[in-house]
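Structure first, then comments.
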Protein chains: 2
Amino acid sequence: MIPPGRRKVPAISRPTSKDVAQEAGVSQSTVSLVLGGKWTGRVSPATARSVRIAAERLGYRPNKAARNLRLGTTRTVLLMVPTLTAPFFGPVYTGAARVAARHGFGVVVSTWPEDDPAGTGETVDRTPRNGPWASPHEAIDGILASSMAASTTATTVGGALREYRLTPAVMLDSGPAGDRVPTVDFGVADGMRAIVEHLAALGHRRIGHVAAAVDQWTFRTRADALTAAVTALPGGTVTRASCMIDVTSAKDAAGRLLDRSDRPTALVCDDDLIAAGAYKAARARGLDVPADLSVTGFDDVLLATALEPELTTVRLPAEELGTQGMTALLDLLAGRRPPPRTLPGELIVRGSTAPPAPGDKDPRTP
Amino acid sequence: MIPPGRRKVPAISRPTSKDVAQEAGVSQSTVSLVLGGKWTGRVSPATARSVRIAAERLGYRPNKAARNLRLGTTRTVLLMVPTLTAPFFGPVYTGAARVAARHGFGVVVSTWPEDDPAGTGETVDRTPRNGPWASPHEAIDGILASSMAASTTATTVGGALREYRLTPAVMLDSGPAGDRVPTVDFGVADGMRAIVEHLAALGHRRIGHVAAAVDQWTFRTRADALTAAVTALPGGTVTRASCMIDVTSAKDAAGRLLDRSDRPTALVCDDDLIAAGAYKAARARGLDVPADLSVTGFDDVLLATALEPELTTVRLPAEELGTQGMTALLDLLAGRRPPPRTLPGELIVRGSTAPPAPGDKDPRTP
DNA sequence: CTGAAAGCGCTTACAG
DNA sequence: CTGAAAGCGCTTACAG
């Protein structure tokens with residue numbers, strides 16, 4: 001009964017611990033003991049040495065699948081992100097991997113839903129029986145699901161009581177989930193409020209929102225918080241245009257706002273990359289940032305300081321998101337129930353914001 | 001003999017196919033047949049239905065580790081990258097995942113060497129017995145190793161005949177490896193030559209190289225190709241400063257070159273992000289890009305068009321690297337020996353390059 | 001100090 | 001159409 005995997009690659013057949021045992025003239029269990037580092041006091045040094053030599057000679061590498069099955073754990077966690085193209089997720093991984101490593105866990109990243117890898121326009125479900133939470137093939141101990149689409153979050157978390165029992169999961173940057181799943185989120189509403197306060201203090205009232213047309217909790221929250229904060233301002237008005245998170249699309253959207261007769265004096269952008277597009281739209285119209293137009297970003301990725309002028313934005317502690325998320329997941333795996341956490345963003349004021357040009361100033365402000 | 005994994009989480013115990021079988025009143029093999037989709041003609045529709053209902057009721061999810069062990073394959077490939085913070089690797093993943101999905105494979109990403117997750121300054125070796133090629137915990141079918149450190153490439157590939165037999169691997173963007181391992185590389189030397197030709201045609205002779213102090217084949221190759229191409233130019237000279245791939249460090253390095261008495265008229269940067277630093281150094285000195293200083297990047301990531309002026313750079317087909325790499329790996333898994341491939345870069349001329357200012361012009365050029 | 005054996009949860013020939 | 005059984009390669013109690 002040869003498994004089909006073997007049949008395909010007949011030339012290559014990895015040695016097993018049995019082969020090593022035979023080579024060393026010992027039993028298979030001795031090999032396992034020695035190579036597993038649990039031999040002291042149980043196997044003679046001489047035997048251990050011969051086992052190691054035999055393993056080396058054969059190029060033995062333990063079979064992970066067998067090990068995982070036997071131990072009932074893989075000590076591997078899957079970090080699911082919507083895309084790897086966004087610079088935001090690098091630090092999230094770094095934070096998660098750091099904490100994981102300390103506990104002997106590995107982190108592996110995958111996109112969901114699939115980044116449309118087949119290019120068919122529809123997302124590929126590689127495991128029809130397994131629902132959205134299941135990873136396709138990997139044996140894992142838990143999932144860190146970051147920045148899930150808001151629409152699927154509802155369904156997923158809706159059915160989460162069941163799913164959750166099956167693979168321990170923590171949701172990151174995906175909004176509150178009650179007590180159904182542990183969550184770690186950013187204080188994006190507060191961050192947006194800080195931006196509006198900053199702009200208001202400078203004298204801005206006509207705010208343009210260049211919004212990311214991305215179905216995620218964080219962007220919904222940003223839009224809602226912005227609207228609420230601006231309309232609470234005396235004389236405050238919001239105009240809004242939506243775009244994809246890329247420079248060209250953002251430039252177009254920003255341009256639409258700048259071409260209005262009631263041109264905003266400040267553009268609040270949902271993302272630093274969108275702000276780069278706003279810069280371009282401004283320049284194309286001969287508007288100076290920040291003299292003629294203030295621009296703000298969100299996230300504080302590397303791009304924010306690469307731009308000229310450097311971008312006023314809200315720093316989100318991405319690495320901390322990974323750190324806290326992994327900590328929560330390890331808690332969960334240990335049988336605890338980590339409480340939801342919110343990580344505050346921080347307004348970083350740089351050169352892209354200034355008082356509105358005199359002609360643009362609202363008469364009611366000083 | 002309860003495996004230790006079980007003991008830790010006594011409350012949660014996932015149902016197995018045996019549980020489903022009991023629930024449905026059938027044998028375990030029938031459950032496997034039905035849920036594996038191989039039941040038509042072998043199990044009655046009624047039985048199949050009851051199995052599916054039982055599985056649903058118990059929230060059954062097949063154990064991947066067991067499946068992997070049994071099948072001898074995981075249909076999962078590991079993409080190893082030096083860091084996830086660089087925007088370059090997103091498209092590589094996308095390309096690899098697309099091809100993989102078409103063949104029923106999944107791709108999972110991990111950094112190596114570990115992105116220093118423990119923050120100790122030394123890289124963590126989670127599996128001391130397993131050498132650099134081994135993934136830490138995951139059971140995988142193969143490895144796509146991208147942009148490996150040049151120093152480890154030598155040792156790794158040196159011992160690769162042995163390693164290679166154990167986990168099929170393809171090296172991406174890591175330089176030629178003879179016939180020891182299949183490789184996919186970029187034509188970075190040609191790309192660098194194209195940059196120099198472009199600058200030379202504009203009249204530049206004093207070239208500054210803002211070099212990435214990163215131990216990778218691609219950067220060594222860029223430096224060598226640049227030096228060779230410039231010194232082949234009549235009157236061509238190269239000055240060089242090294243930096244990390246971040247804006248601040250790049251700005252410093254570029255500044256050192258710009259402060260020389262024989263100030264270069266063009267800065268060739270090893271990376272688009274470095275070019276952003278060069279822009280800043282130029283601005284800080286009142287130099288206009290491109291009127292007073294030409295700047296070029298490399299890679300053509302999103303940043304290149306976010307900058308002002310937009311950056312002349314060499315586009316590397318990152319997604320294609322993933323595509324070709326995965327294709328090669330699938331070939332390898334099928335027992336073929338994919339030949340090494342080189343993907344050409346493409347010079348993208350944008351607004352950051354122009355003829356040198358009159359006073360800077362080499363008298364010998366037109 | 002060493003080995004024989006159980007068993008993790010699957011898939012799949014094989015026997016009925 | 002259905003079930004009993006083998007076996008993937010490990011780890012680890014258990015017996016000697």
Side-chain angles (χ1 to χ4, degrees), chain A residues 1-8 13-22 24-51 55 58 60-75 129-130 137 139 141 166, chain B residues 1-8 13-22 24-51 55 58 60-75 129-130 137 139 141 166:
Chain A
M1 219 177 338
I2 301 163
R6 281 301 182 78
R7 225 177 267 147
K8 283 183 199 158
S13 141
R14 286 174 43 152
T16 70
S17 58
K18 226 169 156 180
D19 298 323
V20 176
Q22 189 162 35
V26 298
S27 77
Q28 184 270 332
S29 31
T30 300
V31 171
S32 186
L33 243 27
V34 171
L35 299 182
K38 308 199 168 171
W39 60 279
T40 27
R42 302 206 260 173
V43 176
S44 77
T47 308
R49 227 180 83 82
S50 73
V51 166
L58 297 182
Y60 170 71
R61 206 63 58 85
N63 178 311
K64 301 273 190 350
R67 176 174 231 271
N68 290 342
L69 173 58
R70 173 60 225 234
L71 295 179
T73 172
T74 59
R75 295 194 91 76
R129 298 194 311 280
N130 285 0
H137 304 103
D141 287 349
L166 300 174
Chain B
M1 220 178 343
I2 300 162
R6 282 299 181 80
R7 225 176 265 147
K8 282 182 200 158
S13 142
R14 285 173 44 152
T16 69
S17 59
K18 225 169 156 180
D19 298 322
V20 176
Q22 188 163 35
V26 298
S27 76
Q28 185 270 332
S29 32
T30 300
V31 171
S32 186
L33 244 28
V34 171
L35 299 182
K38 308 199 169 170
W39 59 280
T40 24
R42 302 206 262 172
V43 176
S44 76
T47 307
R49 226 179 84 82
S50 73
V51 166
L58 297 182
Y60 170 71
R61 207 63 58 88
N63 179 312
K64 301 271 186 357
R67 174 173 233 273
N68 289 342
L69 173 58
R70 173 59 227 236
L71 294 179
T73 172
T74 60
R75 296 195 91 77
R129 299 193 312 280
N130 286 1
H137 305 102
D141 287 349
L166 299 173

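The structure displayed is predicted, hence computed values, not measured ones. The chains referred to below are lettered A, B, ... by the order of the sequence lines, with proteins before strands, and numbering in each begins at 1. The basis for the numbers below is simple: all heavy atoms, side chains too, and nothing from hydrogens, waters or symmetry mates.
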Exercise. CH2 of A:W39 versus P of D:dT12: gap in Å, rounded?
Worked result: 17 Å

Exercise. For B:K64 and C:dT11, what is the distance between atoms NZ and C1' respectively, to the nearest whole Å?
Worked result: 16 Å

For this session: Rounded to the nearest angstrom, tell me the gap between atom CZ in B:R61 and atom P in C:dC8.
Result: 21 Å

Seminar exercise, completed: note: A:L69, atom CG; C:dC10, atom C1'; distance rounded to Å ~ 8 Å

Which protein N or O atoms sit under 3.5 Å from an N or O of nucleotides 1-3 of chain C?
{"from": "C:dC1", "atom 1": "OP2", "to": "A:G41", "atom 2": "O", "distance (Å)": "3.4"}
{"from": "C:dT2", "atom 1": "OP1", "to": "A:T47", "atom 2": "OG1", "distance (Å)": "3.0"}
{"from": "C:dT2", "atom 1": "OP2", "to": "A:S44", "atom 2": "N", "distance (Å)": "2.8"}
{"from": "C:dT2", "atom 1": "OP2", "to": "A:S44", "atom 2": "OG", "distance (Å)": "3.3"}
{"from": "C:dT2", "atom 1": "OP2", "to": "A:T47", "atom 2": "OG1", "distance (Å)": "3.1"}
{"from": "C:dG3", "atom 1": "OP2", "to": "A:S27", "atom 2": "N", "distance (Å)": "2.9"}
{"from": "C:dG3", "atom 1": "OP2", "to": "A:S27", "atom 2": "OG", "distance (Å)": "3.3"}
{"from": "C:dG3", "atom 1": "OP2", "to": "A:T30", "atom 2": "OG1", "distance (Å)": "3.0"}

Exercise. C:dC8 P sits how many Å from A:N63 CG, rounded?
Worked result: 18 Å

Exercise. Whole Å only: how far is the CG atom of B:L71 from the P atom of C:dG9?
Worked result: 17 Å

Problem set entry | Bracket notation of DNA chain C in which parentheses pair within the strand, [ ] cross earlier pairs, and | pairs with another strand (Watson-Crick or G-U, under 3.5 Å) | |||.||||||||.|||

For this session: Ignoring backbone atoms, test whether A:R70 places a side-chain nitrogen or oxygen under 4.0 Å from the OP1 or OP2 oxygen of D:dT12.
Result: no

For this session: Please examine the side chains of B:N68 and A:N68, heavy atoms only from C-beta on, and report whether any two atoms are closer than 4.5 Å.
Result: no

Exercise. Taking all non-hydrogen atoms of both residues, which atom of A:T16 and which atom of A:Y60 are closest, and how far apart?
Worked result: C-CE1, 3.4 Å

Exercise. Looking only at heavy atoms, what is the nearest atom pair of A:P62 and A:R14, with distance?
Worked result: O-NH2, 3.4 Å

For this session: Identify which one of A:T30, A:V26, A:V31 satisfies the side chain to side chain contact (heavy atoms under 4.5 Å, CB included) criterion when paired with A:V43.
Result: A:T30

Exercise. Does a nitrogen or oxygen in the side chain of A:R67 sit under 4.0 Å from OP1 or OP2 of D:dT11?
Worked result: yes

Exercise. Heavy atoms under 4.0 Å, any strand shown: does B:K38 hit a base, just sugar-phosphate, or nothing?
Worked result: sugar-phosphate

Exercise. Please give, in whole Å, the distance from C:dT11 P to B:K18 NZ?
Worked result: 15 Å

Exercise. Between atom CG in A:N68 and atom P in D:dG9, what is the gap in whole Å?
Worked result: 15 Å

Problem set entry | Between B:T73 and B:D141: side-chain donor-acceptor atoms closer than 3.5 Å | yes

Problem set entry | Enclosure of A:Q22 CD (heavy-atom neighbours >12, cutoff 6.0 Å) | no

Exercise. Hey, does B:W39 have a side-chain heavy atom less than 4.5 Å from the side chain of B:V51?
Worked result: no

